[in-house]
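Below is one structure; the comments refer to it alone.
The shown structure was predicted, so the numbers you read here are calculated from the model rather than taken from an experiment. Basis for what follows: all heavy atoms, side chains included, without hydrogens, waters or symmetry-related copies.
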Amino acid sequence: MPVVVVIGGQWGDEGKGRIVDLLARKARVVARYSAGNNAGHTIINDQGEFKLHLVPAGIFYPDKTCIIGNGCAVDPEVLLAEIGQLEERGVDTSKLVVSERAHVVMPWHRELDRLDELRRGDDAIGTTGKGIGPCFTDKVARRGIRIADLAEAEDLKDRMRNILDYQNKVITAVYGGEPLDFDECYTAYREFSNRLKPYVADVQKIILDATRNGDYVLLEGAQGSLLDLDHGTYEYVTSSVPSSTAAGSALGVGIGPTEITRAVGVFKSYCTRVGNGPFVTELFDDVSERLRNHGREFGRGEYGTTTGRPRRIGWFDAVAARYSVRFNGLSALVLTRLDVLQGLSTLKICTAYEIDGEIVDNMPANASVLNRARPVYEELEGWDGETSDVRNFDDLPKAAQAYIRRVEELLSTPVDVISVGPERQQAIIVNPMI
Ligand code: GDP
Ligand code: IMO
Ligand code: MG
């Protein structure tokens with residue numbers, strides 16, 4: 001029965017957490033299927049304002065099972081702290097389940113992330129520094145440690161000693177860093193393992209039981225499709241395996257692709273990006289300043305949820321978005337932060353790139369080519385007046401309606417939900433997707 005995957009269509013921070021919090025009401029299970037605490041999902045509802053890094057956004061409904069899937073990279077210290085903070089604020093986490101197959105972020109992953117960014121210098125990726133890239137690298141290189149391994153005390157000791165031996169050589173000989181202490185790492189991770197034990201289980205069965213029962217399952221994407229290893233702006237991407245795309249979601253919770261019934265893409269009404277890498281529609285003017293600082297007085301400007309870095313800002317890039325719609329097989333779109341565009345006299349949408357004198361309407365593979373691309377813009381009329389209290393499409397200013405219609409046309413996909421504010425109910429539901 002219905003499994004709906006919600007992905008980010010751009011470079012992350014599109015408002016996935018906020019949308020999953022909205023849609024989760026009708027779901028039985030909400031599962032994260034990729035990435036780690038490089039993600040930061042903001043949710044504002046009647047329980048307060050929360051920034052989640054690992055726990056799925058369904059956690060605010062006490063009757064939902066929330067899953068951290070096998071495709072995730074779990075930093076146990078971060079997860080335990082997040083659980084603690086939620087419980088302290090009265091959020092029940094007893095229905096949280098962590099896959100025994102998820103990979104574990106180890107102290108050397110954080111250190112290698114930091115050292116490799118330093119080594120890259122001007123070519124740094126601009127990672128979140130949470131050790132996620134090195135964790136997935138080790139997963140693929142078959143020297144990862146999984147949640148299930150933490151419970152096997154003796155086996156873990158041997159494995160961890162071997163792996164740390166290797167990693168300490170890399171840290172010292174390749175990067176000139178300081179080696180890490182085995183006993184300290186081992187003791188800490190055994191302790192984390194004991195505290196995580198009540199949450200650990202086989203997640204595949206939970207999801208399949210729900211679908212067989214006809215219940216909705218919501219798969220919560222992290223990051224954005226344009227940060228995907230294969231389809232993103234390589235090498236300025238993230239290292240999640242499986243990827244955060246719709247296709248990655250089945251792998252990341254251990255179900256078949258035929259179980260997925262809908263793929264929904266969340267897009268900001270403009271574009272943002274944190275970290276380095278190509279960004280064809282990037283702005284360095286009054287408009288970007290204005291969009292970045294909208295709501296800043298309430299701590300709600302365009303600053304990274306995980307790192308606090310200012311987000312780079314640009315006009316809506318329909319070339320990149322159309323590409324993302326295609327490789328995710330999206331059946332519906334959500335547009336977020338429409339309210340933020342209010343008060344601009346003119347809006348622009350990028351409909352093609354000019355590269356070395358040629359007009360192209362597809363996404364080139366090379367970062368270097370993308371860096372030479374110049375946006376071809378279409379101009380649309382702006383609108384005045386608050387939209388955050390609007391709940392019906394027809395009540396939006398005509399120019400806002402035209403903007404949304406144009407996005408639908410350019411992406412050949414319907415916009416089913418429009419978010420006009422960060423709070424749960426601040427949305428226009430054109431077509432309920434779940
Ligand atoms: P995620 O990583 O995709 O979940 O997104 P983030 O939480 O990192 O960033 C999205 C930001 O936009 C958060 O601060 C949200 O509270 C905020 N947000 C989401 N939707 C809206 C919206 O429609 N309007 C406004 N003003 N803010 C929104
Ligand atoms: P959510 O789920 C925005 C970016 C980093 C960097 C690149 C690689 O909140 O949308 P990494 O630490 O993953 O090795 O960094 O990927 N990045 C994100 N940007 N939102 C995210 O997650 C991101 N997760 C990773 O900024 O450019
Ligand atoms: Mg985020």
Open item on the list: One thing to verify: whether Arg119 and Asp116 come together as a salt bridge, which I'm taking to mean a side-chain N less than 4.0 angstrom from a carboxylate O.
Closed with: yes
Task: Minimum side-chain heavy-atom gap Trp315-Cys350 below 4.5 Å - done: no
Task: N/O donor-acceptor pair under 3.5 Å between Glu77 side chain and Phe192 backbone - done: no
Open item on the list: For the CD1 atom of Ile145 and the CD1 atom of Ile163, what is their distance to the nearest 0.5 Å?
Closed with: 4.0 Å
Open item on the list: I want to check something: taking the side chain as every heavy atom from C-beta on, are Val105 and Val74 in contact at a cut-off of under 4.5 Å?
Closed with: no
Open item on the list: Do Lys268 and Glu302 have side chains that approach each other closer than 4.5 Å (heavy atoms only, starting at C-beta)?
Closed with: yes
TODO: Give a yes-or-no answer on whether the side chains of Lys197 and Ser193 include a donor-acceptor pair shorter than 3.5 Å.
DONE: no
TODO: Quick one: pull up CG in Leu370 and CD1 in Ile355 and give me the separation to the nearest 0.5 Å.
DONE: 6.5 Å
Open item on the list: Taking Arg311 first and then Asp13, would you say they form a salt bridge - that is, a charged N and a carboxylate O separated by under 4.0 Å?
Closed with: yes
Task: Check ion pair Glu235-Arg120 (N to O, under 4.0 angstrom) - done: yes
TODO: To the nearest 0.5 angstrom, please state how far the CD1 atom of Ile260 sits from the CG atom of Leu219.
DONE: 6.0 Å
Task: Closest contact, heavy atoms only, Leu410 versus Ala318 - done: CD1-CB, 4.0 Å
Task: Which atom of Pro364 lies closest to which atom of Val369, heavy atoms considered - done: CB-CG1, 3.8 Å
Task: Close side-chain approach of Val4 to Val217, heavy-atom, < 4.5 Å - done: no
Open item on the list: Strictly distance-based, threshold 3.5 Å: is any side-chain N or O of Glu117 a donor or acceptor partner for the main-chain N or O of Gly129?
Closed with: no
Task: Ion pair Arg212/Glu259, N-O distance below 4.0 Å - done: yes
Open item on the list: Does atom CZ (Arg146) have a neighbourhood of more than 12 heavy atoms from anything else shown, all under 6.0 Å?
Closed with: yes
Open item on the list: I'd like to know if the side chain of Arg190 reaches the main chain of Leu156, judged simply by a donor and an acceptor atom lying under 3.5 Å from each other, with no hydrogens or angles considered.
Closed with: no
Open item on the list: Is the ring pair Tyr323/His231 parallel, tilted or perpendicular, if the boundaries are 30 and 60 degrees?
Closed with: perpendicular
Task: Over 12 non-hydrogen atoms of neighbours within 6.0 angstrom of CD in Glu358 - done: no
Open item on the list: Quick check against the 3.5 Å criterion: does Glu14 have a side-chain atom that pairs as donor or acceptor with the backbone of Thr336?
Closed with: no
Open item on the list: Taking the side chain as everything from C-beta on, heavy atoms only, tell me whether Asp202 gets closer than 4.5 Å to Glu100.
Closed with: yes
Open item on the list: When you measure from the side chain of Arg391 to the backbone of Gln425, do you find a donor-acceptor pair of N or O atoms at a distance under 3.5 Å?
Closed with: yes
- [ ] Go through the steps to decide whether Asp317 and Arg322 satisfy the test salt bridge (charged side-chain N to carboxylate O under 4.0 Å, His left out), and finish with yes or no.
- [x] CA-CA 9 Å; Asp317 183 341; Arg322 193 163 43 216; over 6 Å; no
- [ ] Please report the closest heavy-atom contact between Ala263 and Gly329, naming both atoms and the distance.
- [x] CB-O, 3.8 Å
Open item on the list: Restricting to non-hydrogen atoms, name the atom on Leu227 and the atom on Gly12 that form the minimum distance, rounded to 0.1 Å.
Closed with: CD1-N, 4.4 Å
Open item on the list: Do Arg309 and Thr307 pair up side chain to side chain, a donor and an acceptor below 3.5 Å, judged on atom types alone?
Closed with: yes
Task: Pi-cation contact, Tyr61 with Arg28 (under 6.0 Å, within 45°) - done: no
TODO: Decide, yes or no, whether a salt bridge links Arg406 with Glu378 under the criterion of side-chain N to carboxylate O below 4.0 Å.
DONE: yes
Open item on the list: Is it the case that the side chains of Asn213 and Asp215 hold a donor-acceptor pair, with the cut-off being a distance below 3.5 Å and no angle test?
Closed with: yes
Open item on the list: Do Lys130 and His109 have side chains that approach each other closer than 4.5 Å (heavy atoms only, starting at C-beta)?
Closed with: no
Task: Nearest-0.5 Å distance, CG of residue Asn45 to CD1 of residue Ile43 - done: 7.5 Å
Task: Donor-acceptor side-chain pairing of Arg296 and Tyr303 below 3.5 angstrom - done: yes
TODO: Output yes when a side-chain donor or acceptor of Glu354 lies under 3.5 Å from a complementary backbone atom of Arg374, and no otherwise.
DONE: no
Open item on the list: Do Ile83 and Tyr199 make a side-chain contact, defined as non-hydrogen atoms from C-beta onward lying under 4.5 Å apart?
Closed with: yes
Open item on the list: Tell me whether Arg110 is salt-bridged to Asp75, with the criterion being a basic N under 4.0 Å from an acidic carboxylate O.
Closed with: yes
Open item on the list: Distance check, rounded to the nearest 0.5 Å: Leu22 atom CG versus Arg424 atom CZ?
Closed with: 8.0 Å
Open item on the list: Could you walk me through whether Arg273 and Glu282 satisfy the salt bridge (charged side-chain N to carboxylate O under 4.0 Å, His left out) test, starting with their C-alpha distance in whole Å, then the side-chain angles of each, then the deciding distance to 0.1 Å, before giving a yes or no?
Closed with: CA-CA 9 Å; Arg273 173 164 203 168; Glu282 185 166 14; over 6 Å; no
- [ ] Indicate yes or no for a side-chain donor-acceptor contact from Lys26 to the backbone of Ile434 under 3.5 Å, with no hydrogens or angles considered.
- [x] yes
Task: Greater than 12 external heavy atoms within 6.0 Å of Glu49's CD - done: yes
- [ ] Kindly indicate, with the supporting measurements, whether the criterion side-chain hydrogen bond (donor to acceptor under 3.5 Å, both in side chains) is fulfilled by Asp113 and Thr127.
- [x] CA-CA 8 Å; Asp113 197 352; Thr127 73; 2.9 Å; yes
TODO: Side-chain contact test, heavy atoms from C-beta onward, threshold under 4.5 Å: evaluate it for Tyr234 versus Asn366 and give yes or no.
DONE: no
- [ ] Kindly compute the distance separating OG (Ser225) from CG (Leu330), expressed to the nearest 0.5 Å.
- [x] 7.0 Å
TODO: Can you establish whether the number of heavy atoms outside Glu152 located under 6.0 Å from its atom CD is more than 12?
DONE: no
Task: cation_pi(Arg89, Phe50) dist<6.0 Å, angle<=45 - done: yes
Task: Of Ser324, Ser244, Ser243, the residue whose pairing with Asp228 passes side-chain contact (heavy atoms from CB on, under 4.5 Å) - done: Ser243
Task: Verdict with reasoning, Arg159 to Asp155, per salt bridge (charged side-chain N to carboxylate O under 4.0 Å, His left out) - done: CA-CA 6 Å; Arg159 252 176 91 59; Asp155 189 52; 5.2 Å; no
Open item on the list: Does Lys139 qualify as a cation-pi partner of Phe136, given the criterion of NZ or CZ under 6.0 Å from the six-membered ring centre and within 45 degrees of its axis?
Closed with: no
Open item on the list: I'd like to know if the side chain of Gln401 reaches the main chain of Phe393, judged simply by a donor and an acceptor atom lying under 3.5 Å from each other, with no hydrogens or angles considered.
Closed with: yes
- [ ] Answer yes or no: does atom CZ of Arg25 have more than 12 heavy-atom neighbours from other residues, nucleotides or ligands under 6.0 Å?
- [x] no
Open item on the list: My understanding is that only residues two or more places apart in sequence, or in another chain, count here; which of them pass side chain to side chain contact (heavy atoms under 4.5 Å, CB included) with Pro422?
Closed with: Ile44, Arg300, Gln426
TODO: Mark yes or no for whether Asn276, through its side chain, and Ala124, through its backbone, hold a donor-acceptor pair below 3.5 Å.
DONE: yes
Open item on the list: Whether the Ser419 and Arg337 side chains hold a donor-acceptor pair (N or O, under 3.5 Å, no angle test) is what I'd like checked.
Closed with: no
Open item on the list: Checking Leu341 now: which residues fulfil side chain to side chain contact (heavy atoms under 4.5 Å, CB included) with it, not counting sequence neighbours?
Closed with: Ser269, Tyr270, Leu291, Leu344, Leu347, Trp383, Tyr403
- [ ] For Gln223 and Gly8, indicate whether the former's side chain and the latter's backbone hold a donor-acceptor pair under 3.5 Å.
- [x] no
